[in-house]
Undergrad: 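Submitted below is the structure of interest, expressed as structure tokens.
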Amino acid sequence: MLQIKSELQEILKNAVAQVVAEEHLPAELTERPITLEVPKLPEHGDFATTFALAAAKQARRNPRELAQKILDRLPVGQGVLKGAELAGPGFINLRLSDACLADGLRRALDAGDAWGRGAPVPGRINLEFVSANPTGPMHVGHGRGAAVGDALARILRFAGREVVTEYYVNDAGRQVSHLAASIWSRYVDLCREQDPSLAAVPFPEDGYHGGYVVDFARAFLARHGLAPARAGYDAALVKAFGVELALAEIRATLDQFNVHFDVFTSEATLHDAGAVTRAMELLRERGLSYEQDGALFFAATRFGDEKDRVMIRANGEPTYFAADIAYHLDKFARGFDQLMDIWGADHHGYIARVKCALEAFGYRQDQLGVLLVQFVALVNQGEKLAMGKRSGNFVTLQDLIDTVSCDVTRWFFLAKTHDVAVDFDLEVATSADPRENPARYVQYGHARACAIWRRAAAWGLTPADLAGARFAKLTAPEEQAIVRMLLSYPELVSDAAASFTPHRLATFALDLCRAFHSYYTRFKDDPILPRAGAALADREKTIDRLGLVEAYRTVLRSCLNLLGINAPETMTAPEEE
RNA sequence: GGGCGUAUAGCUCAGUUGGAUAGAGCGUCAGCCUCCGGAGCUGAAGGCCACAGGUUCGAAUCCUGUUACGCCCA
């Protein structure tokens, strides 16, 4: 479709040039870009241009008159252009030849799984997401970030971008210290069951109350025995143990969620390598930091932030912000020219200061993009599930995957724009019925296409028989509408990549399935496809239709792949009630 | 008090970056299919695109203000 589009633009450009020359219109008109759009109504053609409307003023002609002059010089009936007409206040509607659609379908089939893949784009992009603190299991909000980030990475890669996905492990700050203290307290409790002479350690005020902490303590006891309890609290030992265990659980869950990172970067490592200190020093040398009340501030207001930000607290402890500066510099040092972070919506106040810090080091603020993902609320039987954070009273991503499956969870997180809060309806999500659950509906769309091929085998037809097909018999409007959708797929991918909106793939997949199911139901008696006991009446037509089915199946599978959702070949029917 | 986000059909949401008569699903109503060729299909009703201005040939979309909700900061 992109090719066709540029071909049409070329045709229009020539016509405009002719009009300008013959009518002595301002030469700048030929410089105007000619935008093509797909009209909402099929009666308005395959494409429409508003060029005449936009250029009327510059041309000092009224829009309809200008449009008519362009229209008169279009080579209608030649090549891709079947028809063109003037409409409304000055639209030019363009209709493609049937051969054009058929050729497009041919190209899509020839491309196979590569249909929609973009040409390589120069530059490397770093995509950081999830980055949940290694202090316990991930909650459902992390899951949404994981789904969005992972799908985005897949889409960007498919669109031709070079992407590295990264998880930043906050293994150095207060939170992991609180975790270690919590584990220690629980661990000593366990030890006292065996050796009552040991003194109890009170549970820390800022501790983690989740039951998993006791499991961690048990694991610590299993590995180290009672010796550490007798030797006294070794914070570094317990912290390292806790982080390792928490991270292992997180990674196991991400694995089941079909999310795999290229790089894990440790905050502690940045500190140990002196990267944080070095960044602070550079800021000091440039006069962009100052001390006040014993704390070290970054002069963020000089770069447009609303206030200066603390990097090192009065007690000498660096803030997460200080480490984040070093971390983002580290990413640039590794050769990325574009950074993209995906954060929870509650972190929005953090964006300005990080961008300002990067500017202080000579980068442009727009080299860091931040995608804010809004919250997820779980809904069951029409009631929202309450979720406390520190209390340990939250639903984990692991629980969600276990109860509604990876595929459905991903679908629910990806089907809506990331900047809208989502109500995750467990009743809908747990339904296996495609009529109730959109995720299952789309998967069924793929399984059905596979079923059609299984039946086609009864007539001895396989995908190999599509080789020489010309698709001249796909003349029904329903068929052509589906072909148009399939041909628009490459552009959709590139748009979704450019605007960082993975949900558009989900919307498209759903629309495509509906169009196909509708078509299938209408034409199955025609017959669209082989059925038991029937003879092959029109081999050419059947092959043409199978070509449509195959291209549909390929595009749908591609969509699902980009969303990280399985495209099953069969599905077991849900129980009828 | 300042900031970010959101506001579209009864409900859940799309809306191709400013185009023509506003789009789906669910629900409602009226039909079709009774099929292992399965897990659906065709229609109808339903809208002041939160409100008020502005920008222009043209606004759900852009700019300003107001209101409501969610979140962050103080």
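As the structure is a prediction and not an experimental result, all values here were calculated from the model. Numbers restart at 1 for each chain; the letters A, B, ... are given by sequence-line order, proteins then strands.
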Undergrad: Any side-chain N or O of A:K307 under 4.0 Å from OP1/OP2 of B:rC73?
TA: no

Undergrad: Thinking salt bridges, do A:R353 and A:D324 make one under a 4.0 Å N-O criterion?
TA: no

Undergrad: Report the distance from atom CZ of A:R60 to atom P of B:rC57, rounded to the nearest whole Å.
TA: 15 Å

Undergrad: Roughly how far apart, to the nearest Å, are B:rA24 and B:rC41 at atom C1'?
TA: 16 Å

Undergrad: With the side chain counted from C-beta on, respond yes when A:L397 and A:H139 share a heavy-atom pair under 4.5 Å apart, and no when they do not.
TA: no

Undergrad: Do A:N437 side-chain and B:rA39 base share a donor-acceptor contact under 3.5 Å?
TA: no

Undergrad: Can you tell me which nucleotide in B:rC4, B:rA20, B:rA39 comes closest to the side chain of A:H348?
TA: B:rC4

Undergrad: Quick one: is B:rA14 close enough that its OP1 or OP2 comes under 4.0 Å of any side-chain N or O from A:T417?
TA: yes

Undergrad: Within less than 4.0 Å of OP1 or OP2 of B:rA20, is there a side-chain N or O belonging to A:T50?
TA: no

Undergrad: Base, sugar-phosphate, or nothing for A:R455, non-hydrogen atoms under 4.0 angstrom?
TA: sugar-phosphate

Undergrad: Look at all strands and tell whether A:Y441 reaches a base, only sugar-phosphate, or nothing, counting heavy atoms closer than 4.0 Å.
TA: sugar-phosphate

Undergrad: Using the C1' atoms only, state how far B:rA30 lies from B:rA7, rounded to an integer number of Å.
TA: 34 Å

Undergrad: Under 5.5 Å between ring centres and under 30° between planes: does that hold for A:F91 against the base of B:rA20?
TA: yes

Undergrad: Checking A:R454 against A:E569 for the salt bridge (charged side-chain N to carboxylate O under 4.0 Å, His left out) test, could you report, in this order, the C-alpha distance in whole Å, the side-chain angles of both residues, the deciding distance, and whether it holds?
TA: CA-CA 10 Å; A:R454 285 192 291 274; A:E569 301 206 343; 5.1 Å; no

Undergrad: Is A:D433 salt-bridged to A:R440, cutoff N-O under 4.0 Å?
TA: no

Undergrad: Using a heavy-atom cut-off of under 4.0 Å over every strand shown, decide if A:S499 touches base, sugar-phosphate, or nothing.
TA: base

Undergrad: Heavy atoms under 4.0 Å, any strand shown: does A:T507 hit a base, just sugar-phosphate, or nothing?
TA: sugar-phosphate

Undergrad: Once you round it to whole Å, what is the distance between P of B:rU42 and CZ of A:R514?
TA: 11 Å

Undergrad: How close or far is atom P of B:rC73 from atom CG of A:D305, stated in whole angstroms?
TA: 14 Å

Undergrad: Could you check if the base of B:rU17 is syn or anti? Syn means the glycosidic torsion is within 90 degrees of 0.
TA: syn

Undergrad: For the pair A:R539 and A:D465, find out whether any cationic side-chain nitrogen is under 4.0 Å from an anionic carboxylate oxygen.
TA: yes

Undergrad: Would you say B:rG15 has OP1 or OP2 under 4.0 Å from some side-chain N or O of A:H503?
TA: yes

Undergrad: Whole angstroms only, please: what is the CD-C1' distance between A:E306 and B:rA74?
TA: 9 Å

Undergrad: Which whole number of Å gives the distance between the C1' atom of B:rG46 and that of B:rA22?
TA: 13 Å

